[in-house]
Amino acid sequence: QVQLVESGGGLVQPGGSLRLSCAASGSIFSISSMAWYRQAPGKQRDLVAAITSGGSTNYADSVKGRFTISRDSAKNTVHLQMNSLKPEDTAVYYCNAAVRLFSGSRSVNNYWGQGTQVTVSS
């Protein structure tokens with residue numbers, strides 16, 4: 001089994017910052033990529049940022065220049081540094097990992113964290 005544990009959410013004022021963390025554990029051979037998604041009430045779950053095992057990154061247009069995704073391979077952990085937060089960033093943020101379970105497999109399995117609430121309000 002693979003588990004993703006998220007932390008770092010909370011309440012912050014507009015213009016403030018938060019840093020989200022997600023640690024993967026369990027029967028993992030390798031992690032192909034990790035990503036952050038977010039979902040506001042009544043909205044679909046959308047990609048915020050992603051990072052591959054090679055270190056390449058991708059961001060939603062709405063967060064470019066404000067959010068930074070990074071990884072700590074030794075700890076199977078990814079972070080999302082969120083700066084200049086806006087009320088429209090308010091959502092539940094979910095960590096996702098594409099995991100290769102054993103060396104003989106070319107396929108990956110998707111796993112999700114439990115979600116962490118981010119609220120941006122004055």
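Start at 1 with the first residue, then count along the sequence.
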Check: F67 ring centroid to W36 ring centroid under 6.0 Å: no
Least distance between heavy atoms, N83 atom then S17 atom: OD1-OG, 2.9 Å
With sequence neighbours excluded, residues passing side-chain hydrogen bond (donor to acceptor under 3.5 Å, both in side chains) with N96: N110
Expected output: side-chain Y59 to main-chain I69 donor-acceptor under 3.5 Å: yes
Side-chain donor-acceptor contact under 3.5 Å, S21 with H79: yes
Nearest heavy atoms of A91 and A40, plus distance in Å: CB-N, 3.9 Å
Shortest non-hydrogen contact from S53 toward R71: O-NH2, 3.2 Å
Least distance between heavy atoms, K75 atom then T77 atom: O-OG1, 2.9 Å
L20-Y94 co-clustered via ILVMFWY side chain contacts under 4.5 Å: no
Nearest heavy-atom neighbours spanning M34 and C95: CE-SG, 3.9 Å
Candidate pair T52 and N58, rule side-chain contact (heavy atoms from CB on, under 4.5 Å), full reasoning: CA-CA 9 Å; T52 70; N58 189 38; over 6 Å; no
I51 vs V78, side-chain contact (heavy atoms from CB on, under 4.5 Å): CA-CA, chis, key distance, verdict: CA-CA 9 Å; I51 186 166; V78 295; 4.2 Å; yes
Any donor-acceptor pair under 3.5 Å from S56 side chain to G54 backbone: no
Evaluation steps, side-chain contact (heavy atoms from CB on, under 4.5 Å), between W112 and L4: CA-CA 6 Å; W112 292 91; L4 272 55; 5.8 Å; no
pair Y93-Q117: side-chain heavy atoms closer than 4.5 Å: no
Test item: N76 and I31 side chains (from C-beta on) under 4.5 Å apart, heavy atoms: yes
Single-linkage hydrophobic cluster, 4.5 Å side-chain cutoff, L18 and V63 together: yes
Nearest heavy atoms of A49 and L47, plus distance in Å: O-CD1, 3.6 Å
Donor-acceptor under 3.5 Å (T90 side chain, V120 main chain): yes
Heavy-atom side-chain contact between L80 and R19 under 4.5 Å: no
Donor-acceptor contact present, side-chain E6 to main-chain G115, <3.5 Å: yes
N/O donor-acceptor pair under 3.5 Å between R66 side chain and S84 backbone: yes
Non-hydrogen side-chain atoms of L101 and I28 separated by less than 4.5 Å: no
Test item: V2 and Y111 side chains (from C-beta on) under 4.5 Å apart, heavy atoms: yes
Pair T119, S121: side-chain N/O donor-acceptor within cut-off below 3.5 Å: no
Any pair counted as salt bridge (Lys or Arg N to Asp or Glu O under 4.0 Å), so long as it reaches residues 24-47, sequence neighbours left out: R38-D89
